[in-house]
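What follows is a single structure, written as structure tokens, with notes after it.
Remember, it's a predicted structure, so these values are computed and weren't measured experimentally.
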Amino acid sequence: MQVNIYGLPLFKSTNAQFWPILGMIEPRRFKEPFVIGLFYGLSKPSDLDFLKEFVSDAKILMDEGFMYGDKNWKVKISAVVCDAPARAMVEAIKGHGGYGVCDKCVQHGVWLDKVTFPETNAALRTDQSFIDMEDESHHLGLTPLTELGIGMVSTFPADYMHLVC
């Protein structure tokens, strides 16, 4: 299953937002995403508590599965898809404009009228180095998503819109 977490402003005149947690079954013969959870607030969530019920339910589905017909199906999370700002929030890492923000390598930015990342051969981040919080300048705190046992680097694909466009 793929999971998507993203914030959506509701109106231009207020700060009201939805933060849906969506799922999509793979293989994609079921092409419609479905709502797993929905946070509503007058701003983006102030902490990651809105993920806790999802994490709790996902752990059960991953460990025990569910019965459909006469077969027990276990759920595996293959990807958590977020744009760069949402990813930074749900992973509790620095935002996409900071110095130690690259979520794929440990390169630290250099100021050249903006934060740039000129190095092309930086050491790669690993799922284990994320869990161990080896790069203190990358992390802001803990995220409940680590309880799922998913790769916090490998399971999160790069955000094309913020990285390329």
- Query: Would Glu134 and Thr126 count as a side-chain contact (heavy atoms from CB on, under 4.5 Å) if you check the C-alpha gap in whole Å, the side-chain angles of each, and the deciding distance to 0.1 Å?
  - Reply: CA-CA 10 Å; Glu134 289 179 5; Thr126 66; 5.9 Å; no
Please check if the side chain of [X] supplies one atom and the backbone of [Y] the other of a donor-acceptor pair under 3.5 Å.
X	Y	answer
Thr155	Val80	no
Arg125	Cys102	yes
Lys94	Leu140	no
Glu119	Gln107	no

When rounded to the nearest 0.5 angstrom, what distance separates [atom1] in [X] from [atom2] in [Y]?
X	Y	atom1	atom2	value
Asp127	Met152	CG	CE	9.0 Å
Glu26	Ile77	CD	CD1	11.0 Å
Ile25	Gln2	CD1	CD	10.0 Å
Leu10	Phe18	CG	CZ	5.0 Å
Met89	Tyr6	CE	OH	12.0 Å

Would you name the heavy atoms of [X] and [Y] that are closest together and state the gap between them?
X	Y	result
Ala88	Gly95	CB-CA, 3.9 Å
Tyr99	Phe117	O-CE2, 3.4 Å
Asp159	Cys82	CB-O, 4.0 Å

- Query: Who are the side-chain hydrogen bond (donor to acceptor under 3.5 Å, both in side chains) partners of Asp83, not counting sequence neighbours?
  - Reply: none
- Task: Pick out which of Leu145, Ile21, Val3 makes a side-chain contact (heavy atoms from CB on, under 4.5 Å) with Val90.
- Result: Leu145
Compile the donor-acceptor pairs under 3.5 Å between side chains in residues 36-53 and protein atoms, sequence neighbours left out, one pair per line.
{"residue": "Asp47", "atom": "OD1", "partner": "Asp49", "partner atom": "N", "Å": "3.0"}
{"residue": "Asp49", "atom": "OD1", "partner": "Lys52", "partner atom": "NZ", "Å": "3.1"}

- Answer whether the closest heavy-atom distance between the side chains of Lys59 and Leu148 falls below 4.5 Å. yes
- Message: Do Pro20 and Val35 have side chains that approach each other closer than 4.5 Å (heavy atoms only, starting at C-beta)?
- Response: no
When clusters are formed by joining ILVMFWY residues with side-chain heavy atoms under 4.5 Å apart, either directly or through shared neighbours, do [X] and [Y] land in the same one?
X	Y	result
Val106	Val115	no
Val101	Ile5	no
Val55	Phe130	yes
Leu8	Met161	no
Leu22	Met1	no

Run the side-chain donor-acceptor check on residues 60-74: report pairs under 3.5 Å with partners two or more places apart or on a different chain.
{"residue": "Asn72", "atom": "ND2", "partner": "Glu64", "partner atom": "O", "Å": "3.2"}
{"residue": "Lys74", "atom": "NZ", "partner": "Asp63", "partner atom": "O", "Å": "3.1"}

- Evaluate the salt bridge (Lys or Arg N to Asp or Glu O under 4.0 Å) criterion for residues Asp103 and Arg87: first the C-alpha distance (whole Å), next the side-chain angles of each, then the deciding distance (0.1 Å), finally the verdict. CA-CA 9 Å; Asp103 42 22; Arg87 177 182 180 153; 2.9 Å; yes
- Other residues, nucleotides, ligands: >12 heavy atoms within 6.0 Å of Leu142 CG: no
